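Below: the structure, in structure tokens.
Since we're looking at a predicted model, the values are computed, not measured. First the proteins, then the strands, lettered A, B, ... as listed; each starts at 1.
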Amino acid sequence: MRIASFNINGVKARLPRLIEWLEETRPAIACLQEIKSQDEGFPRKEFEAIGYHVETHGQKGFNGVAILTDGGPAENVSRGLPGDPDDEQARFIEADFNGVHVANLYLPNGNPQPGPKFDYKLAWMERLRLHLEGLLASEKPCVVLGDFNVIPEDKDVYSVKAMASDALMQPESRDAYARLLGQGWTDALNVLNPRGGVWTFWDYQAGAWQRDHGFRIDHLLLSPECADRMSAAGVDKEYRGREKASDHAPVWVELA
DNA sequence: ATGACTAATTATATTAGA
């Protein structure tokens, strides 16, 4: 079964591209970030028409995540990252489908740094770490995926110099990501491409796509139970080059 | 050193993204 993640940068602006991608690659589970839509405004009928069930966790204007499942509804759907009842940003949704637990996240960007947005990012990552402890302890097959807004290592960015002061690759961001992996998660794209050079995001500006100025910030973390079943993982890079594309490309993992 | 794009919003400039 294929499990995919796609930061779509606006579900309404991306609708034709999104339907096209689902029909062409047909993931069993598709996790979306940056739907930029409230739940009631999400165009669910268009997805249901091609056989997907829809679970959303949205808010007005920005953020927002969704889980699409092929041929049946997700179960045990839970919205919001535990640990801070005052956090109103819609960045996390998790559910079970086909015997796998998927946690879909849109981690805060954190720019500009230093500042309150960076503090929020690091606090969010600490909450995530605590929550993922529990998922690992369950010993169920789990995939934690989405837009992590972290460039894990220098090999994951086209230019270290150009991004040096960005929140995405500050030591604090990288340390927090490394602590997650240290719990026992497998970074699927990383283990299959140990030398790096794999990008999932290309900025709209300055011809970044044409120059291949990208970086890897969309990740698929597999629990040991899932890592054993991984048969392939990759980036659907060509979708970044299409008309009215998102600035992210989809990422996916195939589990036996 | 700066700006470049794109999407959404009680919009015609601002916020946010990365």
Side-chain angles (χ1 to χ4, degrees), chain A residues 5-19 21 31-43 46 56-66 87-92 104-122 124-125 128 145-174 176-177 189 196 198-219 235 237 239-251:
Chain A
S5 170
F6 194 178
N7 179 321
I8 56 173
N9 188 15
V11 68
K12 298 178 187 78
R14 212 66 58 215
L15 197 51
R17 283 291 85 79
L18 201 43
I19 296 294
W21 168 67
C31 294
L32 309 179
Q33 304 89 36
E34 278 205 273
I35 63 174
K36 295 187 175 181
S37 167
Q38 292 174 300
D39 295 334
E40 52 268 36
F42 193 94
E46 284 83 345
T56 63
H57 180 42
Q59 67 180 98
K60 183 181 289 192
F62 66 117
N63 300 330
V65 287
D87 185 0
E88 295 184 346
Q89 298 195 28
R91 297 179 173 276
F92 189 88
N104 173 23
L105 62 88
Y106 175 46
L107 208 146
N109 171 292
N111 281 305
Q113 73 79 29
K117 290 188 175 183
F118 192 57
D119 296 340
Y120 173 62
K121 175 183 192 136
L122 296 179
W124 205 96
M125 292 187 82
L128 179 64
L145 72 172
D147 178 357
F148 282 68
N149 269 318
V150 175
I151 298 168
E153 298 179 61
D154 287 354
K155 66 182 181 177
D156 299 312
V157 59
Y158 76 99
S159 165
V160 170
K161 189 179 168 190
M163 294 292 289
S165 63
D166 197 286
L168 276 56
M169 57 177 281
Q170 292 312 295
E172 296 93 330
S173 308
R174 287 182 165 180
Y177 186 74
L189 290 175
V198 174
W199 319 142
T200 68
F201 171 90
W202 295 259
D203 202 287
Y204 286 127
Q205 302 185 60
W209 167 248
Q210 288 76 11
R211 298 174 178 185
D212 200 28
H213 286 182
F215 33 91
R216 186 172 74 94
I217 53 176
D218 299 273
H219 306 309
V235 182
K237 183 174 175 177
Y239 288 86
R240 179 61 184 83
R242 294 194 185 183
E243 201 71 24
K244 287 278 283 181
S246 171
D247 40 6
H248 294 251
V251 298

Provide the distance between the two [atom1] atoms, one in [N] and one in [M], to the nearest whole Å.
N	M	atom1	value
B:dT10	B:dC5	P	27 Å
B:dA18	B:dG3	C1'	15 Å
B:dT6	B:dT2	P	23 Å
B:dA11	B:dA16	C1'	15 Å
B:dA4	B:dG17	C1'	14 Å

Checking the side chain of A:His219 only, and the main-chain atoms of A:Val150 only, is there a donor and an acceptor separated by less than 3.5 Å? yes

Go through the side-chain N and O atoms of A:Asn9 and A:Ser246 and say whether any donor and acceptor fall under 3.5 Å apart.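 Checked: A:Asn9/A:Ser246 side chains show no N/O donor-acceptor pair below 3.5 Å.
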
Taking atom types as modelled, find out whether A:Asn149 and A:Tyr106 have a side-chain donor-acceptor pair closer than 3.5 angstrom.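 No, no side-chain donor-acceptor contact under 3.5 Å.
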
Residue list, side-chain contact (heavy atoms from CB on, under 4.5 Å) with A:Phe62, at least two apart or on another chain: A:Gln59, A:Gln89

Can you check the A:Lys161 NZ to B:dA1 P distance for me, whole Å? 10 Å

In whole angstroms, the gap separating C1' of B:dT6 from CZ of A:Arg240 amounts to 10 Å

Strictly by salt bridge (Lys or Arg N to Asp or Glu O under 4.0 Å), give each pair with a member in residues 207-216 of chain A just once, sequence neighbours left out. A:Asp156-A:Arg216, A:Asp187-A:Arg216, A:Asp212-A:Lys237

Just checking A:Phe6 against A:Trp21, ring centres under 6.0 Å apart?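 Ring-ring flag for A:Phe6/A:Trp21: true, centres closer than 6.0 Å.
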
Can you give one letter per nucleotide of nucleotides 8-18 of chain B, going 5' to 3': B for a protein heavy atom under 4.0 Å from the base, S for sugar-phosphate only, - for none? SSS-----SSB

Heavy atoms under 4.0 Å, any strand shown: does A:Lys244 hit a base, just sugar-phosphate, or nothing?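 Sugar-phosphate: the residue A:Lys244, judged by heavy atoms under 4.0 Å, touches backbone atoms but no base.
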
